[in-house]
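A quick write-up on the structure given underneath.
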Protein chains: 2
Amino acid sequence: MHMLINTPETVVPDALRGMALAHPELTVDVEGQVVVRRDAPVAGKVALVSGGGSGHEPLHAGFVGHGMLDAAAAGHIFTSPVPDQMARAAAAVDSGRGVLFVVKNYTGDRMNFAMAAELAEDEGIQVASVLVDDDVAVTDSTYTAGRRGTGATLFVEKIAGAAAEEGAPLDRVEAIARRVNEASRSFGVALTACTTPAKGSPTFDLPPGELELGVGIHGEPGRERRPMMTSAEIADYAVDAVLTDRRPTGPVLLLVNGAGATPLLELYGFAAEVHRVLAAREVAVARTLVGDYVTSLDMAGASVTVCQVDEELLRLWDAPVQTPALRWGR
Amino acid sequence: MHMLINTPETVVPDALRGMALAHPELTVDVEGQVVVRRDAPVAGKVALVSGGGSGHEPLHAGFVGHGMLDAAAAGHIFTSPVPDQMARAAAAVDSGRGVLFVVKNYTGDRMNFAMAAELAEDEGIQVASVLVDDDVAVTDSTYTAGRRGTGATLFVEKIAGAAAEEGAPLDRVEAIARRVNEASRSFGVALTACTTPAKGSPTFDLPPGELELGVGIHGEPGRERRPMMTSAEIADYAVDAVLTDRRPTGPVLLLVNGAGATPLLELYGFAAEVHRVLAAREVAVARTLVGDYVTSLDMAGASVTVCQVDEELLRLWDAPVQTPALRWGR
């Protein structure tokens, strides 16, 4: 245990207290574990609400702000928030034009967001939902029927968030979110396991000198385990997995995402290798984002997400965003 | 070794290749290990040049862009860049109004920046230098005579960079940089040692369950080693060290900085504890930045930097900045 915490029980509320102090532009309900844009509800705007288990920071609360999410609900570590949290978030941010739930495809999240949608609709709030399931590594994993939702969540939240900020109606924001998810594919690798504060020991056993190819963001098993590979070999493997599942027919957004404990120095080197493989496969990269955005506590490793974009999606990607973790353009 | 790399020898150029591909707004000389704003030299503007050993990313290359650095020179891991790199950087960015070197206080950096200043002056470039030495933990450490330069580097580069962007002359930009350094104090803790790619094993021996209080950003020894402490206890210790050295008489900027492998979730919780201690000591926090900005490869840990600001320094801190790692305001 080399954790900078008080107690395992207070890790999430402690972090939310810190977010509240560092980001006065957010309203943080520490007890209820909901983070909301301070200017919500934004008149005339469709609202975006997401959430999920904690341990993937900055996802999701770090993406609350102008041009992205209106609110995020935080569960315990690696555990879905409860329906009441998302229902309260929806009530806090709905301007009357409806709310889009962005849901990563894990059984608990699906169930709890579906119940939250019912609760919100009972209060007269119009709700649509989009499921994110971009991880090509495996289907029907530890917590998931179908494919897991990982890095594409950032693309869905950013691009649909920009459409909402422009004033698009709910059905249009929902359709754009769905298009982004359908155009996105991801693949991740772990070089070490992660350790949850409550457990205090690694969530899975990965011997030193081996890596897990296709790991999930909670340390779920991937496709295979191999002796350590070079950055170039990992890029070959990961990009091939992504392109085999869906071959882009136009330019892509690229996310080279750190799992949490891999230095940025290494991520940039890995990004160079991912670019090399994409160029060799004649996939043009329109934009590249490198950093820790969808993490797995203290796991070392990285993931690759590509999202094919047309002119409209690229314009929405480039639109201004002002959140704790993603900012540009104004 | 759980590194996402090709070979230890290529870690830095591989990362620079990735930076070039991810950030078309930068000009990256991969072989020469210099990163420059693409729009440099900016007419009528004093230029800021920094640099240092690699392994602290995003520092320094991640802070190149509008409102901050004009260029950064990258050395090998934990090794100063050579004078020729900074001299070439200065030549690439000087608009005729002079260049400010921002130098962290390590013996190699001081010597090499001093030689670079001579080389640049021989070419007719006016050079001023500011030394950053904010770390209160120890004096005369492994690589340093006097105090080490750590987190305050970000405050110096941002605030002096904003002054330069506004058109301030060299002596004024230099004076502001010096004021920021003098108003800043830092203290760091390590929960694990870091591992350099070339060595492949931890740079110092830190038994599990212990932490190093006052560690340097290369793993240099601190004040003492203790059995693991809570986030609250670490905040008490670190903030006390900072305030004992210099008691602010006005509001401060606060950086709660991750060493590299500590999850953002934990950093925010630690930020809450740092705020608690500062409030108890009646130090008002004007702005808080939480994240990995001045790292130590894969070290787990964190540091606290406070910088007392007056109205002018706060205005310059809030001014627009557009770099890979720090962006806001336009």
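Just so it is clear, the structure is predicted and the values come from calculations on it, not from any experiment. Just so it is clear: chains get the letters A, B, ... in the order the sequence lines come, proteins before strands, and each one is counted from 1.
Residue B:Pro13 does not touch chain A at all, counting heavy-atom pairs closer than 4.5 Å. No part of B:Pro208 comes within reach of chain A, as not one of its non-hydrogen atoms sits under 4.5 angstrom from that chain. Residue B:Ala300 touches chain A through its side chain alone, counting heavy-atom pairs closer than 4.5 Å. If you measure heavy-atom distances from A:Ile77 to chain B, the contacts under 4.5 Å come from the side chain alone. When heavy atoms are compared at a cutoff of 4.5 Å, A:Thr262 approaches chain B solely by way of its side chain, counted from C-beta outward. Interface remark: A:Met228 contributes side-chain atoms only to the contact with chain B (heavy atom separation under 4.5 Å).
Note: B:Asn6 CG to A:Met229 CE = 11.0 Å, rounded to the nearest 0.5 Å. Distance check, rounded to the nearest 0.5 Å: CZ of B:Arg327 to CH2 of A:Trp328 gives 6.5 Å. Atom CG in A:Asp298 sits 10.0 Å away from atom OG1 in B:Thr192 (nearest 0.5 Å). The CG atom of B:Leu297 sits 11.5 Å away from atom CG of A:Leu264, with the distance rounded to the nearest 0.5 Å.
Comparing B:Ala15, B:Pro263, B:Ala261 by how many heavy-atom pairs each has under 4.5 Å with chain A, the most go to B:Ala15. For the set B:Ala22, B:Ala271, B:Ser296, the entry with the most heavy-atom pairs within less than 4.5 Å of chain A is B:Ala22. The candidate with the highest count of non-hydrogen atom pairs below 4.5 Å against chain B, out of A:His56, A:His2, A:His23, is A:His2. Considering only heavy-atom pairs separated by less than 4.5 Å from chain B, the leading option among A:Leu21, A:Val189, A:Thr230, A:Thr288 is A:Leu21. Listed options B:Val285, B:Leu265, B:Val274, B:Leu191 were ranked by heavy-atom pairs under 4.5 angstrom with chain A; first place goes to B:Leu265.
When the shell of 6.0 Å around NE2 of A:His275 is examined, it contains more than 12 heavy atoms from other residues, nucleotides or ligands.
Without hydrogens or angle criteria, B:Asp14 side chain to A:Ala272 main chain gives no donor-acceptor distance under 3.5 Å. Between the side chain of B:Glu266 and the backbone N or O of A:Leu4, at least one donor-acceptor pair lies under 3.5 Å.
Residues B:Glu273 and A:Arg17 have side chains in contact (heavy-atom distance under 4.5 Å, counting atoms from C-beta outward).
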